[in-house]
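Written below as C-alpha cells is the structure these notes are about.
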Amino acid sequence: MRISGPLVAVALGVALVGCGVRPTGVIGAGESASGPTRGVRLYYASDSGLRGVPVLDREIENLATVVKLLASGPPPAEQLDGLTNLVRIGGYRVTGHDTRVTVRLEEPYEETGRDLGTGQLVCTLARAQSVLDPKVGADDVEVTLRAPGDAVLGPYRCAEFLNR
C-alpha cells in the first residue's frame, strides 16, 4: 500500500494539533539588535557583582560629571532592584587621554583596589571615556587611582571587576 503526500501532511497536522502545538504567523519585533551598546553607564554593586545602568537623561561632557553622578548613588528603581553604591571618595580630579584615565584623590583611599567600589569607579570611567572619545574602546581603557603620598592603585581595566 502506497501512502500519498497529502495524506502524510494531514496525519502530521492532526498529530501536531493533538499535542497542543498551534501554528502561528510571523510575529514582528522590530529591528534586530546589532553592535555594542553605546552611551554612558554607571556601574553599581549588587549581590551578583557589578551592573551597568544607562544614563539616559543627561548629556555627559566630561569625566568629573560621571563621577558626580556615580557618587550620588543608583536611582530609586535600581535601589529596589538591589543596586548600591560602594564608592567612597572625597575630593578628586579626573582626567582622561586616549585609553588612560587618572583619578587624583585629595584624601587617602580606604579600599584595597580589588573591591567592588573600585570596580564601580573603573568600569564607569572606562565606559565614559569610550563615549567621550569614540575611537577608544571601553575594554582598552586603563584607570589609575593616585592618592596623596604617591600611593598608586592600578592601572585597572573594567574586565578585572566583572563576573566576580
Side-chain angles (χ1 to χ4, degrees), residues 24 26-164:
T24 62
V26 175
I27 299 172
E31 292 293 316
S32 301
S34 64
T37 59
R38 293 300 294 166
V40 173
R41 289 182 177 273
L42 304 176
Y43 285 82
Y44 294 105
S46 73
D47 289 341
S48 60
L50 295 178
R51 285 202 349 231
V53 174
V55 176
L56 302 174
D57 59 346
R58 294 183 187 235
E59 186 73 25
I60 302 300
E61 296 179 11
N62 58 55
L63 295 173
T65 301
V66 174
V67 175
K68 279 183 189 175
L69 287 172
L70 180 65
S72 68
E78 279 74 15
Q79 288 177 22
L80 291 173
D81 199 27
L83 298 183
T84 189
N85 180 25
L86 301 175
V87 174
R88 308 281 184 259
I89 58 174
Y92 60 87
R93 194 174 95 234
V94 60
T95 56
H97 177 71
D98 198 33
T99 61
R100 303 215 183 269
V101 172
T102 302
V103 182
R104 295 188 188 285
L105 302 169
E106 295 175 5
E107 300 170 10
Y109 191 65
E110 301 297 325
E111 303 300 331
T112 65
R114 296 289 178 190
D115 56 284
L116 284 180
T118 302
Q120 282 183 250
L121 194 56
V122 168
C123 290
T124 297
L125 287 170
R127 181 64 177 248
Q129 180 65 9
S130 75
V131 170
L132 292 169
D133 187 349
K135 70 181 184 303
V136 172
D139 293 337
D140 299 325
V141 175
E142 294 181 333
V143 178
T144 302
L145 305 175
R146 294 187 177 275
D150 296 326
V152 177
L153 295 171
Y156 300 115
R157 290 181 185 227
C158 181
E160 297 174 52
F161 298 93
L162 297 178
N163 300 321
R164 286 182 167 204

Spatial distance of atom CG (L86) from atom CG (L70) [nearest 0.5 Å]
10.0 Å
Where is the tightest heavy-atom contact between S130 and A138, given as atom of each residue plus distance?
CB-N, 3.4 Å
Using the side-chain contact (heavy atoms from CB on, under 4.5 Å) rule, take E142 and V122 through it: C-alpha gap first, then chi angles, then the decisive distance, then the call.
CA-CA 8 Å; E142 294 181 333; V122 168; over 6 Å; no
So which atom in L116 and which in A45 form the shortest heavy-atom distance, rounded to 0.1 Å?
CD1-CB, 4.1 Å
Between atom CD of Q129 and atom CG of D140, what is the distance when rounded to the nearest 0.5 Å?
11.5 Å
CG/L63 to OH/Y92 distance, rounded to the nearest 0.5 angstrom?
10.0 Å
I'd like to check L121 versus V143 (side-chain heavy atoms, cut-off strictly below 4.5 Å). Are they in contact?
no
Spacing of CZ belonging to R51 relative to CG belonging to D81, to within rounding of 0.5 Å
4.5 Å
In Å, rounded to the nearest 0.5 Å, how long is the span from OH of Y43 to OG1 of T124?
7.5 Å
Within a strict 4.5 Å, meaning less than it, do heavy atoms of the V53 and L83 side chains meet?
yes
For E107 and P148, the nearest pair of non-hydrogen atoms, with its separation, is O-CD, 3.3 Å
Is there a side-chain contact between D139 and C158 (heavy atoms, below 4.5 Å)?
no
As a quick check of understanding, evaluate side-chain contact (heavy atoms from CB on, under 4.5 Å) for V94 and L125, giving each step before the final call.
CA-CA 9 Å; V94 60; L125 287 170; 4.1 Å; yes
Approximate separation, where rounding is to 0.5 Å, of L132 CG and T65 OG1
9.0 Å
For the pair R127 (side chain) and G39 (backbone), establish whether a donor and an acceptor sit closer than 3.5 Å, ignoring hydrogens and angles.
yes
How close do N85 and R88 get, counting heavy atoms only, and between which atoms?
O-NH1, 3.1 Å
Just checking R157: does its CZ atom have more than 12 heavy atoms from other residues, nucleotides or ligands closer to it than 6.0 angstrom?
yes
Quick one: does Q120's side chain get under 4.5 Å of L50's, heavy atoms only?
yes
Here the pair of heavy atoms bringing Y109 nearest to A147 is N-CB, 4.1 Å
Any L145 side-chain heavy atom under 4.5 Å of I89 side chain
no
Using modelled atom types only, decide if a donor and an acceptor are shared between the side chain of R114 and the backbone of E111 within a distance under 3.5 Å.
no
List the steps, then state whether side-chain contact (heavy atoms from CB on, under 4.5 Å) holds for T118 with L153.
CA-CA 10 Å; T118 302; L153 295 171; 5.7 Å; no
Check this for me, if you would: do E106 and R93 make a salt bridge, where the nitrogen-to-carboxylate-oxygen distance has to be below 4.0 angstrom?
no
